[in-house]
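For reference, the structure is listed below as structure tokens.
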Number of protein chains: 2
Amino acid sequence: MSPDSGNKTTRDCLLEVAERLFAQKGYDAVSVREITNTAKCNLASVNYHFGNKKTLYLNVFRERWMLRAQYIRACFEENLAGCGDTSPASVIQSLAEALIKGPLTDEERLFHFQLMIREMTKPTEAFEIVMEETMKPTFEGLEQLFQPYLHESIDEDRTLLNILSIFSMVLYFNFARLPVSKIIGHAYDQRFKDRLVQHIVDFSLSGLPVKEIAR
Amino acid sequence: MSPDSGNKTTRDCLLEVAERLFAQKGYDAVSVREITNTAKCNLASVNYHFGNKKTLYLNVFRERWMLRAQYIRACFEENLAGCGDTSPASVIQSLAEALIKGPLTDEERLFHFQLMIREMTKPTEAFEIVMEETMKPTFEGLEQLFQPYLHESIDEDRTLLNILSIFSMVLYFNFARLPVSKIIGHAYDQRFKDRLVQHIVDFSLSGLPVKEIAR
DNA sequence: GTCTATAGCAGGATAGAC
DNA sequence: GTCTATCCTGCTATAGAC
């Protein structure tokens with residue numbers, strides 16, 4: 001039987017369901033049976049299409065995670081182009097918006113960052129994909145963008161620490177929704193997300209060693 | 001046979017080994033067999049002392065995780081008392097030092113934050129312990145400390161967002177050592193940790209809406 | 001309290017019919 | 001490509017000797 005409703009191939013369906021489950025529960029907590037049952041397809045289909053469970057997991061990163069990372073990156077670049085300048089304020093705003101409000105649905109965004117966090121706390125082969133093909137290039141790009149606006153005395157390490165700090169906030173507000181909601185007492189609605197973006201920009205900006213006090 | 005070397009009871013030994021393994025691999029990836037083999041004690045000992053695997057996991061939080069959280073808190077208060085004032089600069093410095101250099105060994109600190117992250121991404125009953133008994137009180141304390149130094153126009157939500165942002169950095173630099181090291185290109189030695197603390201203080205301080213520009 | 005033996009079940013993977 | 005039946009391993013948990 002063709003899985004789920006419609007035109008998707010079994011393969012795609014497996015990838016989609018697997019992503020959701022791996023993100024929510026982690027690799028070891030998900031069984032192949034749970035995946036195939038949820039995807040309404042056969043137990044043997046995972047082995048037929050991917051060889052084994054581990055390769056399915058890797059392909060979730062290769063085929064789905066990477067794609068989302070590219071969407072986010074494209075959104076960032078679009079946002080930035082719309083700003084008309086590349087001041088730290090514009091860069092951070094564009095970045096925070098792409099990552100927090102960005103092109104993904106809330107659910108997709110959650111899965112994306114949960115998978116990322118899982119690879120950071122217990123790296124597998126997928127870590128290389130996350131690191132080399134996504135984070136490193138992004139951070140290098142940001143470094144280039146910030147460079148002209150920072151004091152000459154600021155060395156590369158310090159610039160990187162600043163970028164990592166901004167990234168840590170974005171990451172945290174994405175993956176730690178539960179504790180954040182408990183503490184702040186709001187849901188993650190549109191209004192709160194706007195506020196988060198504004199907060200990240202404000203907090204980051206004044207924290208960055210920019211030449212002049214913008215704003 | 002008495003487990004491991006020495007005076008520790010089997011129970012303590014199980015808790016110690018379980019904490020390490022649960023932190024490194026996550027609940028589902030660790031089997032009771034692995035725990036008892038590593039602890040050099042009997043397969044049945046987990047069920048004898050804790051009833052089942054899940055209760056062992058919970059007790060790791062109740063008996064070990066909470067204790068560490070208390071050490072860190074005590075260290076923070078000691079640091080702060082040593083400062084002689086409660087300016088945001090002193091508070092953040094005391095906090096960052098307690099969390100990044102603090103009273104724990106590197107290994108203990110790593111486990112502590114890995115367990116915390118795991119509960120944040122996939123909460124179990126232990127989440128309540130982490131949240132209600134540790135994070136909430138800490139954040140409320142910080143709120144009180146910052147209050148007198150913030151603009152009157154800053155509402156509670158904004159103060160909390162600021163505290164969460166500082167926390168996100170500390171958390172990130174503790175649990176994401178691997179990607180951080182890859183990007184910065186240093187190990188987490190004493191010198192780098194000093195630098196991290198300094199960076200967090202600098203970045204946070206100028207980011208906080210304090211009345212006057214300290215430093 | 002400690003240990004062995006084992007029940008009972010769920011997991012990944014595969015063979016082979018269709 | 002799909003599906004069923006099945007192998008085999010490894011899991012948690014327990015019973016019962018010591």
Tell me whether the side-chain N or O atoms of A:Arg33 pair up with the base of C:dG12 as donor and acceptor below 3.5 Å, since no angle test is needed here. yes
Taken to the nearest whole Å, NZ/A:Lys54 to P/C:dG12 is 14 Å
Taking the six-membered ring for Trp and the full ring for Phe, Tyr or His, determine whether the centres of A:Phe22 and A:Tyr27 are under 6.0 Å apart. yes
Protein-nucleotide distance (B:Asp28, atom CG; C:dA10, atom P), rounded to Å: 15 Å
Taking the side chain of A:Tyr48 as its heavy atoms from C-beta onward, which of C:dA15, D:dG1, C:dA13 lies nearest to it? D:dG1
Please report the distance, rounded to the nearest Å, between NE2 in B:His49 and C1' in C:dC3. 12 Å
Shortest side-chain distance from B:Asn52, nucleotide among D:dT2, D:dA13, C:dG12: D:dA13
Any A:Thr10 side-chain N or O less than 4.0 Å from OP1/OP2 of D:dT2: yes
Here the distance between atom C1' of D:dG16 and atom CG of B:Asn42, to the nearest Å, is 13 Å
B:Leu21 CG to D:dC11 P: how many Å, rounded? 13 Å
Nearest-Å distance for atom pair NZ/C1', residues B:Lys8 and C:dG1: 19 Å
Atom CD of A:Glu78 with >12 non-hydrogen neighbours under 6.0 angstrom: no
Identify which nucleotide among D:dT14, C:dG11, C:dT2 has an atom closest to any side-chain atom of B:Asn47, counting heavy atoms from C-beta outward. D:dT14
